[in-house]
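Right, one structure below, let's go through it.
Lettering follows sequence order; numbering is per chain, from 1.
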Amino acid sequence: MDKVYNHKEVEDKIYEMWEEKGFFLPEVKKGKKPFSIILPPPNANAPLHFGHAMYVIEDILVRFHRMKGTPSLWLPGADNAGFETQFVFEKHLQEEGKSRFDFDRDELFGMIMEFVEKNRGGMERQLRKLGFSLDWSRMKFTLDEDVVKVVSQTFKKMYDDSLIYRAERLVNYCTFDGTSFSDLEVVYQERQNPLYYIKYGPLVLATTRPETKFGDTGVAVHPTDARYKKYIGKEIEIETVLGKAKIKVVGDEAVDPEFGTGVVKVTPAHDFTDFEIGKRHDLEMKQVIGFDGKMNHFAGKFEGLYAKQARKEIIEEMKKKGLVEKIDDKYTHRIGLCYKCGNVIEPLPREQWFVKMAPLAKPAIDAVKKGKIKIYPKKFEKLYFQFLENIRDWNISRQIVWGIRIPAWQCGECRNWEIELGDAPSKCSKCSSKNLTQDQDTFDTWFSSSQWPFATLQTGKQGDYEYFYPTTVMETGYDILRWWVARMVMVGLYITKKVPFENVVLHGLVNDPLGKKMSKSKGNIVNPLEIVEQYGADAVRFALVFGTALGNDQALSYPKLDASRKFTNKLWNIARFIEMNKIHNSQFTIHNSLKDLKTAAENKNDKEWIDKADKLSREVTEDIEKYNLNYAAEKLYEFIWHQFADIYVEDVKNRINENSYLVLNSIFLVLIKLLHPIMPFVTEEIYQRFNPGEFLIISDWPNEQK
RNA sequence: GGAGCUGUAGCUCAGUUGGUUAGAGCGCUUCAUUGACAUUGAAGAGGUCACAGGUUCGAAUCCUGUCAGCUCCACCA
């Protein structure tokens with residue numbers, strides 16, 4: 001054996017061997033409860049980031065259960081990542097001087113698919129580099145035909161159960177990208193904009209957006225505001241740049257009497273708060289800004305101007321007419337920007353598909369309350385309940401091409417909607433018209449993701465769903481507890497009548513060495529694969545679980561990586577010592593049962609160390625079962641280095657004989673086994689040197705009989 | 001504005017139902033050594049556990065408040 005452990009010579013070779021031998025494929029044993037995890041599918045198109053390296057937790061669990069003899073499945077997948085991917089692709093088009101408007105929908109979809117297929121291998125190769133024992137034969141993609149079918153079926157079932165409705169809602173619309181965004185995708189920024197005090201008949205109100213005036217269908221004041229109480233419920237006559245108009249005054253609690261003059265113009269079609277006020281008082285929606293960002297016919301002579309331009313011209317005109325009382329130039333407020341292109345988000349009304357969430361949320365709350373699903377660490381239960389107890393209906397339409405197209409066709413005659421699986425319906429079921437067009441929208445990526453546990457298993461190998469569902473563990477970052485985990489529980493329960501997983505295990509974020517969140521804009525991204533290259537996958541894996549409690553964020557720590565790499569070398573050198581002291585004729589016999597080993601042991605000290613190893617083995621087993629992987633890692637590190645190597649090896653050194661050698665060797669192999677889930681490569685390499693032809697990955701867990 | 005998390009050694013973090021002298025890694029100091037390993041070994045310094053109260057025989061741990069950092073949600077015309 002070399003003096004120094006070289007991970008580069010070992011890791012790829014070992015992984016290939018594991019994969020080739022099919023060790024990642026579970027053996028289905030009817031009647032035996034399996035262990036299963038569905039990998040949270042990384043973006044098919046993007047390289048892994050450090051958060052993905054945290055999936056090492058899943059690998060540790062799978063390897064542990066595999067060694068315990070449980071049929072263990074870890075199913076990989078790739079996510080089409082909707083808008084994210086389409087955006088990256090459009091950047092490429094831009095570089096070629098093209099845009100998505102040069103292609104029709106199918107062409108564009110095909111091109112993106114090709115683009116993704118080309119990049120997809122990267123992510124999979126990286127998962128292999130990290131040593132993840134994924135069953136690649138069961139790999140699924142969110143746009144696989146069979147998955148699309150499952151997702152569409154779910155939509156239809158929801159529609160038939162009256163959980164789906166169509167409604168005009170304000171969306172965060174980016175007129176530049178031509179798509180709406182979820183609230184999450186809007187970035188708020190502090191900006192200084194003029195606040196205009198404009199005259200509305202007898203009232204004066206403050207607004208930053210005078211151009212939306214044409215869409216005003218009400219004026220609101222606080223219901224208890226003494227100044228304006230007399231106007232509530234009445235219509236007032238106002239002078240506008242386009243002539244006189246009448247408008248209703250309503251009283252609404254959303255109005256802050258302290259702000260401005262305490263009077264608000266209500267534009268339900270262009271402001272989220274106003275939309276709510278409008279709904280409460282039954283005000284009309286009047287859209288005056290189009291999806292192209294330009295003023296429409298309601299704006300009279302300002303039609304065709306971009307909103308921003310119209311604002312300037314309207315204010316000039318209003319000044320001339322004496323309708324502007326004053327302008328506050330120092331006003332700062334927060335405005336929503338497109339997180340992709342940075343342009344101002346325009347709230348616009350648009351017909352969308354919505355899912356009624358309240359009926360789905362209740363069973364999901366119960367599942368956790370009744371312990372059918374356990375959340376680790378427990379502190380995250382609060383977030384889970386908070387989200388579900390205040391849930392709002394879910395807008396599942398997205399105005400992009402790269403996703404699963406919504407299987408809904410609208411009749412051009414009677415406006416009836418037909419939901420159809422497979423081919424387009426031939427005629428309208430209401431009026432028999434053949435004039436049907438499919439909705440242009442695709443599903444929100446999270447809509448298909450919410451079905452991932454059963455969608456993957458139902459479309460996988462024959463019998464997988466029956467055997468592996470519900471899955472044992474869903475392990476992911478706590479940051480997507482609401483957006484993904486909670487929705488999987490809701491939709492999973494709704495479709496399958498079973499929880500999609502029994503345990504939710506949540507890890508924290510991996511931040512940069514200074515504790516700051518890694519992000520492209522900050523330029524502090526660390527590529528996990530470079531770190532693997534430098535320190536070895538074992539060291540990276542160990543460093544990620546060592547010294548950080550589950551669910552807590554951690555700063556990437558080079559000293560910790562270094563310590564972990566030294567640990568792999570320490571293991572290597574213990575192995576080397578044992579090999580060098582091999583006593584002639586002696587076998588590397590492994591006593592997997594420490595009880596048997598103790599019976600065979602002759603020396604008192606040896607017997608004591610067997611007990612210590614036995615205690616450690618029990619503790620580590622329990623720690624892994626409770627997802628306290630940091631405890632397992634810390635105990636193994638301390639014991640192997642500072643107990644076993646520093647004390648026991650030094651003790652045996654001077655009194656080595658055949659029997660002591662057997663004990664030393666056996667204890668070491670037990671330690672190697674206990675460490676294998678966390679550090680699979682170096683342990684497998686050592687094991688095979690001691691036991692040619694045998695494989696640690698499928699060997700028995702200490703004290704376990706298969 | 002609402003909610004949550006975090007605050008422990010110079011740095012990064014553990015501390016598992018409250019229970020002796022609060023731990024680890026890195027760094028630092030002293031010494032040893034080419035003997036499995038200098039990617040080593042031995043010894044050591046270093047902490048009013050953010051702050052202020054409270055509960056308790058006993059608090060880093062439980063409660064209240066304050067301060068600081070982070071995250072999520074909502075969002076002001």
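Remark: C1' of U71(B) and OH of Tyr384(A) are 21 Å apart, rounded to the nearest angstrom. Atom CG in Asp252(A) sits about 16 Å away from atom P in A77(B), given to the nearest Å. In this entry the distance linking OH of Tyr5(A) with P of A36(B) reads 22 Å, nearest Å. One atom, CG of Asp2(A), and another, P of U39(B), lie 15 Å apart when rounded to the nearest Å. G23(B) atom C1' lies 10 Å from atom CD of Glu638(A), rounded to whole Å. Between the P atom of A77(B) and the OH atom of Tyr200(A) lies a distance of 15 Å, rounded to the nearest Å. Whole-Å rounding puts the Leu506(A) CG to U71(B) P distance at 19 Å.
Residue Tyr331(A) places at least one side-chain N or O closer than 4.0 Å to OP1 or OP2 of A77(B). For Thr273(A), a side-chain nitrogen or oxygen approaches OP1 or OP2 of C76(B) to under 4.0 Å. Phosphate proximity of G41(B) to Lys570(A): present, with a side-chain N or O under 4.0 Å from OP1 or OP2. Asn552(A) has a side-chain polar atom (N or O) that falls below the 4.0 Å cut-off from OP1 or OP2 of A14(B). Within the 4.0 Å cut-off from OP1 or OP2 of C5(B), at least one side-chain nitrogen or oxygen of Lys382(A) is found. One finds a side-chain N or O of Tyr631(A) lying less than 4.0 angstrom from the OP1 or OP2 phosphate oxygen of G15(B). Considering only side-chain N and O atoms, Lys517(A) lies nowhere under 4.0 angstrom from the phosphate OP1 or OP2 of C70(B). Phosphate contact (OP1/OP2 of A24(B), side-chain N/O of Trp641(A), threshold under 4.0 Å): absent.
Atom P of G2(B) sits at a distance of 35 Å from the matching atom of U48(B), rounded to the whole Å. Remark: the separation of the P atoms in U21(B) and G35(B) is 44 Å, to the nearest Å. Across U6(B) and U12(B), the matching C1' atoms stand 14 Å from one another, rounded to whole Å. Separating the C1' atom of A59(B) from that of G19(B) is a span of 10 Å, rounded to the nearest Å.
Among the nucleotides G25(B), C37(B), U71(B), the one closest to the side chain of Ala563(A) is G25(B). Residue Asn630(A) places its side chain closer to G15(B) than to any other of G15(B), C37(B), C76(B). The side chain of Met580(A) sits closest to A36(B) out of C73(B), A36(B), G25(B). Picking from A77(B), C37(B), A36(B) the nucleotide with the shortest atom distance to the side chain of Lys3(A) gives C37(B). Each of G15(B), C72(B), A36(B) was ranked by its minimum atom distance to the side chain of Arg482(A); first place goes to C72(B). Out of U39(B), G15(B), G4(B), the shortest distance to the side chain of Leu383(A) is found at G4(B). Comparing atom distances between the Tyr637(A) side chain and each of G25(B), A74(B), A36(B) picks out G25(B) as nearest. Closest to the Asp646(A) side chain, of the nucleotides C76(B), G41(B), C5(B), is G41(B). The side chain of Glu650(A) approaches C37(B) more closely than any other nucleotide in the set C37(B), A77(B), G15(B). With A36(B), C37(B), U16(B) as the candidates, the nucleotide lying closest to the side chain of Asn569(A) is C37(B).
Atom CD1 in Ile647(A) sits 11.5 Å away from atom CG in Asn605(A) (nearest 0.5 Å). Taking CZ of Phe542(A) as the reference point, atom CE of Met679(A) lies at 5.5 Å (rounded to 0.5 Å). Separating the CG atom in Asp651(A) from the CG atom in Asp606(A) is a distance of 7.5 Å, to the nearest 0.5 Å.
Note on Val4(A): a base of the nucleic acid sits closer than 4.0 angstrom, heavy atoms only. Nucleic acid contact for His642(A): sugar-phosphate only, since backbone atoms but no base atoms lie under 4.0 Å from a heavy atom of the residue. Residue-level contact check: Ala645(A) touches the bases, meaning some heavy atom is under 4.0 Å from a base atom.
Checking A52(B) for Watson-Crick or G-U wobble geometry (two distances, each under 3.5 Å) identifies U64(B) as its partner. Searching all strands for a Watson-Crick or G-U wobble partner of G41(B) with both distances below 3.5 Å returns C31(B). Applying the Watson-Crick and G-U wobble criteria (two distances, each under 3.5 Å), G4(B) pairs with C70(B). Shown here, A24(B) forms a base pair with U12(B); the pair counts as Watson-Crick or G-U wobble because both key distances fall under 3.5 Å.
In this pair, Phe644(A) and Phe668(A) present their aromatic rings parallel. The plane angle is below 30°, not in the 30 to 60° band.
Between the side chains of Lys379(A) and Asn552(A), at least one donor N or O lies within less than 3.5 Å of an accepting N or O.
Nucleotides of RNA chain B nearest to Phe567(A) and Asn628(A) differ in position, and the one nearer the 5' end is that of Asn628(A). Between Ala555(A) and Asp623(A), the residue anchored closer to the 5' end of RNA chain B is Ala555(A), taking for each the nucleotide with the nearest heavy atom.
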Problem set entry | side chain to side chain contact (heavy atoms under 4.5 Å, CB included) assessment of His270(A) paired with Lys286(A) | CA-CA 9 Å; His270(A) 295 292; Lys286(A) 197 168 157 197; over 6 Å; no
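Judged as a side-chain hydrogen bond (donor to acceptor under 3.5 Å, both in side chains), and not counting sequence neighbours, the contacts of Asn395(A) are Gln352(A).
Among pairs with a residue in residues 539-553 of chain A, those fulfilling salt bridge (Lys or Arg N to Asp or Glu O under 4.0 Å) read Asp59(A)-Arg541(A), at least two apart in sequence or across chains.
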